[in-house]
Amino acid sequence: MFDPILKIIEIAESTQDEARKLALSGSPAGTSIVAIVQTEGRGRCGSKWFSPPGKNLAMSVILRPKMEPRDAPMLGMLFSIAVADILDKLCHPFRTSVKWPNDVLVQDKKIAGILSEGQITNGCVDFVVLGLGLNLNSLEEDFPSNLTESLTSCSILTGLTFNLREVGMSILIRLRELTGRFEIEGAGFVPRLWQRRWLHKDQRICRDGVEGTAIGVDDDGALLVETPDGSWVKISSGEVCLQRPCPEKKVFNRDLPCIEKS
Ligand code: BTN
């Protein structure tokens with residue numbers, strides 16, 4: 001369990017770096033940094049994360065979990081569940097879903113992305129920094145024109161404007177509940193809970209030449225894919241694209257194009 005502490009700063013290159021500095025100087029779990037303006041936001045798989053100044057929630061949270069390093073990726077999944085639970089309330093009646101490994105979607109459009117970074121020493125997790133980019137108050141004209149089809153925001157969905165601190169705190173409180181459960185029960189419940197929001201089961205996916213049907217998520221959070229010859233492949237990291245948009249080279253992860261089948 002942790003006490004949520006939310007610090008808002010005017011500008012940061014990346015809130016991930018700010019949170020990492022705080023973690024290295026001993027800040028407790030639950031310490032979070034929100035930047036009104038983020039100039040060098042990072043996304044997953046080496047992509048850049050663009051956020052229009054002052055509009056969206058760019059937040060990084062420090063966690064100090066007592067867990068095996070192999071379980072650390074589950075925290076990203078846990079965070080996506082916390083975010084989805086809060087978005088269900090903010091964007092009611094829209095239902096929030098997830099895309100493997102931890103994108104958050106509404107109406108099949110990305111509304112939030114999560115980046116998990118951390119430090120391990122001698123096989124022990126020192127800390128994890130969970131970064132959240134949530135499209136909160138952005139409008140369609142704020143998105144790069146090639147991404148308007150694949151992105152959405154809370155304001156686009158509801159016509160309302162949201163307070164960064166209030167939304168950040170709600171997410172932290174839900175994350176605290178879920179990490180508390182994690183400490184008591186272990187990681188087992190995470191893939192089960194996550195899959196309740198997963199709409200891509202049985203859909204065709206492709207990644208790095210692997211093509212097949214997404215059949216589930218394993219106990220360790222890896223994506224299980226059944227290939228055309230009937231064998232199962234486990235995908236543990238990286239980005240997958242749904243077969244449906246793949247031939248048109250649809251971008252899912254901001255500037256990271258999905259992998260195309262030749
Ligand atoms: C993704 O690629 O989907 C993950 C995006 C994560 C972006 C957030 S914004 C706050 C935090 N600071 C960063 O530099 N990145 C994360």
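Every number for a ligand or one of its atoms is a count from 1 in the order of the listing.
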Original post:
For Gln38, is the nearest heavy atom under 4.0 Å from an atom of ligand 1?
Top reply: yes

**OP:** Answer side chain, backbone, both or neither: which part of Leu132 comes under 4.0 Å from ligand 1, heavy atoms only.
**Re:** backbone

Original post:
Taking N or O atoms only and a 3.5 Å limit, does Glu40 qualify as a polar contact for ligand 1?
Top reply: no

Original post:
Taking the side chain from Lys110 and the backbone from Leu105, do they hold a donor-acceptor pair closer than 3.5 Å?
Top reply: no

Original post:
Of the non-hydrogen atoms in Glu68 and Val125, which two are nearest, and what is the gap between them?
Top reply: C-CG2, 4.3 Å

**OP:** Examine Arg181 relative to Phe189 and say whether NZ or CZ is less than 6.0 Å from the centre of the six-membered ring and inside a 45° cone about the ring axis.
**Re:** yes

Subject >> Contact check, side chains of Val83 and Ser80, non-hydrogen atoms, under 4.5 Å >> reply: no

Subject >> Per-atom contacts of ligand 1 with Thr15, taking only distances under 4.0 Å to non-hydrogen atoms >> reply: 10 (C), 11 (C), 12 (N)

Subject >> Any side-chain heavy-atom pair of Val190 and Leu178 under 4.5 Å >> reply: no

Subject >> Element-labelled atoms of ligand 1 that are located less than 4.0 Å from some non-hydrogen atom of Arg42 >> reply: 5 (C), 6 (C), 7 (C), 13 (C), 14 (O), 15 (N), 16 (C)

**OP:** Provide the number and element of each atom of ligand 1 under 4.0 Å from a heavy atom of Ile114.
**Re:** 3 (O), 4 (C)

**OP:** Under 4.0 Å from a heavy atom of Ser14: give me the atoms of ligand 1 that qualify, with their elements.
**Re:** 12 (N), 13 (C), 14 (O)

Original post:
Which ligand 1 atoms does Asp103 reach within 4.0 Å, using its non-hydrogen atoms?
Top reply: 3 (O)

Subject >> Side-chain ion pair, Asp108 and Lys99, N-O less than 4.0 Å >> reply: no

**OP:** Count the heavy atoms belonging to other residues, nucleotides or ligands that lie under 6.0 Å from CD of Glu10, then report whether that count exceeds 12.
**Re:** no

Original post:
If we only count N/O pairs under 3.5 Å, is Arg44 in contact with ligand 1?
Top reply: yes

Original post:
What atoms of ligand 1 come within less than 4.0 Å of a heavy atom belonging to Met59?
Top reply: 10 (C)

Original post:
Under 4.0 Å from ligand 1, counting heavy atoms only, is it the side chain of Lys110, its backbone, both or neither?
Top reply: side chain

